[in-house]
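Beneath this line is the structure, given in structure tokens, with notes to follow.
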Protein chains: 2
Amino acid sequence: MSAHKAQTTSGALKQAESLCSSRGTRLTEKRKQVLTGLLESQKALSAYELTAYCRNHLGSELPAMSVYRILEFLEGESLVHRLDLAKKYVACSHILCEHKHELPQFLICKACYKVQEISIKKSLIDSLNQSVEGASFRLASQQLEFDCFCEDCYE
Amino acid sequence: MSAHKAQTTSGALKQAESLCSSRGTRLTEKRKQVLTGLLESQKALSAYELTAYCRNHLGSELPAMSVYRILEFLEGESLVHRLDLAKKYVACSHILCEHKHELPQFLICKACYKVQEISIKKSLIDSLNQSVEGASFRLASQQLEFDCFCEDCYE
DNA sequence: AAACGTTATGTTATAGTATATCATCTTCTT
DNA sequence: AAGAAGATGATATACTATAACATAACGTTT
């Protein structure tokens with residue numbers, strides 16, 4: 001149903017590494033670990049859940065403070081998105097895409113933190129922007145997040 | 001520019017009190033204090049900011065835990081809205097309105113926490129719902145919140 | 001008015017998210 | 001090999017939030 005193929009962890013890691021090196025930044029071992037955790041997870045994870053992932057699945061101790069810094073780095077490289085509403089983080093689902101990314105919107109399941117990255121029609125975004133500007137405000141980002149329930153978690 | 005008159009604190013308090021008594025609940029002194037804080041503020045406040053408000057402006061010590069409980073009560077009475085994105089709270093701007101409230105949407109200034117309560121066109125909400133359902137998700141609430149900048153805080 | 005149940009508030013403890021600061025260690029460059 | 005820049009470790013701390021239990025206020029019944 002999604003518009004692009006699901007990305008494999010190894011493929012995305014490889015692409016992420018070449019992306020970083022083309023920008024003169026480094027995808028270090030620890031950074032790979034955090035990104036791996038997010039790529040392998042089917043849901044959004046918190047910084048502290050990522051330290052647990054590293055400990056339990058990779059046998060690597062990574063303090064939460066380091067995870068926060070690494071997440072900040074990965075977000076700067078557009079490899080990871082921070083979800084304000086959920087206070088959690090997800091891997092960008094378009095790491096493997098060649099084309100320029102449109103701004104994503106996120107549907108976040110309030111119950112299980114499964115996340116779906118969608119692209120809302122431009123016309124919808126435009127009229128939303130109009131409503132907002134009518135109130136003398138401006139959207140801080142076109143990356144919108146919506147609290148949802150996924151189909152497994154409907155009440 | 002807004003669709004309804006700005007509500008005065010005293011008027012809203014009176015209306016809130018009669019609303020509560022018609023429902024068999026009580027708008028106690030402490031609850032009035034918290035509601036007053038939100039009505040007087042031009043922006044969203046956190047629970048801890050409300051304890052400070054009570055101490056500094058009303059000379060009343062109100063522990064944060066009580067504020068949380070009171071906010072929960074006020075939200076149940078539809079007198080206050082909790083803003084997940086901002087992790088803060090605002091007074092409903094329609095306490096004085098007679099008519100049934102539509103579900104509100106909130107524009108929250110990321111910089112100063114000024115909040116504008118708007119009503120987005122039903123057609124827009126409908127097509128948003130369609131997009132969301134297309135991804136097999138469902139909006140958890142039609143009360144939407146958007147991170148914005150207000151006109152004073154544009155970069 | 002006294003006793004009782006209900007509601008409201010106080011108090012303490014604790015969890016989760018997040019940032020700041022300073023120290024140490026790695027890596028790259030010269 | 002030395003030094004600078006970048007990355008990570010370690011510690012402290014702030015803010016948001018909830019849980020659990022104790023006490024106080026209020027309302028009703030008798």
Side-chain angles (χ1 to χ4, degrees), chain A residues 16-17 20-21 23-38 43-55 58-77 79-90 108 110 113 145 147, chain B residues 16-17 20-21 23-38 43-55 58-77 79-90 108 110 113 145 147:
Chain A
E17 199 152 20
C20 283
S21 78
R23 290 177 195 153
T25 60
R26 280 182 293 160
L27 192 65
T28 63
E29 203 47 47
K30 308 275 181 187
R31 287 169 176 172
K32 262 189 219 169
Q33 289 172 9
V34 170
L35 184 53
T36 299
L38 292 176
K43 60 198 191 83
L45 298 177
S46 72
Y48 287 83
E49 287 168 336
L50 279 163
T51 75
Y53 176 87
C54 289
R55 176 168 45 248
L58 308 176
S60 165
E61 282 303 323
L62 193 49
M65 313 307 126
S66 294
V67 174
Y68 274 108
R69 265 184 308 226
I70 287 171
L71 287 169
E72 196 178 359
F73 168 84
L74 294 172
E75 205 191 2
E77 303 293 326
L79 298 168
V80 157
H81 301 289
R82 173 200 161 112
L83 304 178
D84 270 335
L85 257 177
K87 291 179 284 190
K88 289 175 188 287
Y89 304 81
V90 286
I108 308 163
K110 268 184 103 154
Y113 292 108
E145 303 170 27
D147 260 337
Chain B
E17 199 151 21
C20 284
S21 79
R23 290 176 196 155
T25 60
R26 280 183 292 161
L27 192 65
T28 63
E29 201 48 46
K30 308 274 183 188
R31 287 169 176 172
K32 263 189 219 169
Q33 290 172 8
V34 171
L35 184 53
T36 300
L38 291 176
K43 60 198 192 83
L45 297 178
S46 73
Y48 287 83
E49 288 169 335
L50 280 162
T51 76
Y53 176 87
C54 289
R55 177 168 45 248
L58 307 176
S60 165
E61 281 304 323
L62 193 50
M65 314 307 125
S66 295
V67 174
Y68 274 108
R69 265 183 309 225
I70 287 170
L71 287 169
E72 196 178 359
F73 168 84
L74 294 172
E75 205 191 2
E77 303 292 326
L79 297 168
V80 157
H81 301 289
R82 174 199 161 112
L83 304 177
D84 270 334
L85 256 177
K87 292 179 284 189
K88 290 175 188 284
Y89 304 81
V90 286
I108 307 164
K110 268 184 103 154
Y113 292 107
E145 303 170 27
D147 261 337

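Letters A, B, ... mirror the listed sequences (proteins, then strands); counts begin at 1. Atoms considered below: every heavy atom in the structure, side chains included; atoms not considered: hydrogens, waters and symmetry mates.
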- K32(A)/E17(A) under side chain to side chain contact (heavy atoms under 4.5 Å, CB included): CA gap, chis, key distance, verdict: CA-CA 9 Å; K32(A) 262 189 219 169; E17(A) 199 152 20; 3.3 Å; yes

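- For the pair E29(A) CD and dG9(D) C1', the interatomic distance rounds to 17 Å; values are reported in whole Å.
- Atom-to-atom, OH of Y68(A) to P of dT13(D) comes out at 18 Å; the value is rounded to the nearest Å.
- One can place CG of L50(B) at 14 Å from P of dT9(C), the figure rounded to the nearest angstrom.
- One finds the CD1 atom of I70(A) at 11.0 Å from the OG1 atom of T51(A) (value rounded to the nearest 0.5 Å).
- Between the CG atom of L85(A) and the C1' atom of dT17(C) there is a distance of 15 Å, given to the nearest Å.
- For Y89(B), no side-chain nitrogen or oxygen approaches OP1 or OP2 of dT16(D) to under 4.0 Å.
- Going from atom OH of Y113(B) over to atom NZ of K88(B) covers 5.0 Å, rounded to the nearest 0.5 Å.
- Contact annotation: the side chain of S60(A) approaches that of K30(A) to within less than 4.5 Å [non-hydrogen atoms, C-beta and beyond].
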Provide a list of protein-nucleic acid N or O atom pairs under 3.5 angstrom, restricted to nucleotides 10-16 of chain C.
residue, atom, partner, partner atom, Å
dG10(C), OP1, K30(B), NZ, 3.4
dG10(C), OP2, S66(B), OG, 2.7
dG10(C), N7, R69(B), NH2, 2.6
dG10(C), O6, R69(B), NH1, 2.8

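- Here dA14(D) presents its P atom at 16 Å from NZ of K87(B), a figure rounded to the nearest Å.
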For nucleotides 26-30 of chain C, print each protein N/O atom paired with a nucleotide N/O atom at under 3.5 Å, atom names and distance only.
residue, atom, partner, partner atom, Å
dT27(C), O3', R26(A), NH1, 3.3

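- Between dT8(D) and T28(A), a contact under 4.0 Å exists linking OP1 or OP2 to a side-chain N or O.
- Atoms CG and OG, on L71(B) and S46(B) in that order, are 9.5 Å from each other to the nearest 0.5 Å.
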- Go through D84(B) and D84(A) one step at a time and tell me if the side chain to side chain contact (heavy atoms under 4.5 Å, CB included) criterion holds. CA-CA 9 Å; D84(B) 270 334; D84(A) 270 335; over 6 Å; no

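- Residue Q33(A) contributes atom CD, which lies 12 Å from atom C1' of dT8(D) at whole-angstrom precision.
- At least one donor-acceptor pair closer than 3.5 Å links the side chain of E145(A) to the backbone N or O of L85(A).
- Note that the CZ atom of R82(A) and the NZ atom of K87(A) stand 10.0 Å from one another [nearest 0.5 Å].
- In terms of position on DNA chain C, the residue among I70(B) and K88(A) whose nearest nucleotide sits closer to the 5' end is I70(B).
- Comparing F73(B) and A64(A) along DNA chain C, the residue whose closest nucleotide (by nearest heavy atom) sits nearer the 5' end is F73(B).
- Atom pair L74(A):CG and dG6(D):P shows a separation of 17 Å (rounding to whole Å applied).
- Listed for the T25(B) side chain is a donor-acceptor partner under 3.5 Å among the backbone atoms of C20(B).
- The CG-P distance, from L27(B) to dA25(D), rounds to 19 Å in whole Å.
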